[in-house]
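Computed from a prediction, not measured in an experiment: that's the story for all the values here. Reckoned from all heavy atoms, side chains included, excluding hydrogens, waters and symmetry mates.
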Amino acid sequence: MLDTAPRLFAIVQVCGEGLADADGWVAAWGFTDAATGSTHVTGVDGRTRLTLTSPERAVHHFSRQPGITARLVWLAQPTTAATDRAAQAA
């Protein structure tokens, strides 16, 4: 079951990368589905929604501002699945 789950990631933007006072923040969350080959990304502001061919394309999209770089940060894959008992009862 878990081997078919989409991979989750964050796009982190960084201002002043390489400097002592660099600042970073999560700009978007996304997931990629190996079964379909598609990547879906939603900006934290809720206004940006992208469907792309790879997570790396999302990095490119979020690094287009001068002085801003972007990084792809993969969330750890779960090793177990759990269900919400309240949801099961509904």
Review item, side-chain donor-acceptor pairs of residues 18-26, under 3.5 Å, at least two apart:
unit_1, atom_1, unit_2, atom_2, d
Trp25, NE1, Gln13, OE1, 2.9

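- Cluster annotation: Val14 and Leu72 are assigned to distinct hydrophobic clusters (Ile/Leu/Val/Met/Phe/Trp/Tyr, side-chain heavy-atom contacts under 4.5 Å, transitive).
- What you find for Leu75 and Ala10 is that their closest heavy atoms are CD1-N, 3.9 Å.
- Every salt bridge (charged side-chain N to carboxylate O under 4.0 Å, His left out) that Arg47 has, sequence neighbours left out, goes to Asp45.
- In terms of the ring-ring contact (aromatic ring centres under 6.0 Å, His included) criterion, residue partners of His40 (sequence neighbours excluded) are, by chain and number, Phe31.
- Taking each heavy atom of Ala58 and Val41 in turn, the nearest pair found is CB-CG2, 3.8 Å.
- Trp74 has its side chain within reach of Thr32: a pair of non-hydrogen atoms, C-beta onward, lies under 4.5 Å apart.
- Qualifying ring-ring contact (aromatic ring centres under 6.0 Å, His included) partners for Trp29, counting only residues two or more places apart in sequence or in other chains: none.
- Judged as a side chain to side chain contact (heavy atoms under 4.5 Å, CB included), and not counting sequence neighbours, the contacts of Thr53 are Arg57.
- Interatomic distance, CD1 of Ile11 versus OG1 of Thr48, reported as 12.0 Å (0.5 Å rounding).
- A search for ring-ring contact (aromatic ring centres under 6.0 Å, His included) contacts involving Phe62 returns nothing, not counting sequence neighbours.
- Across Cys15 and Ile68, no two heavy atoms sit closer than the pair CB-CD1, 3.8 Å.
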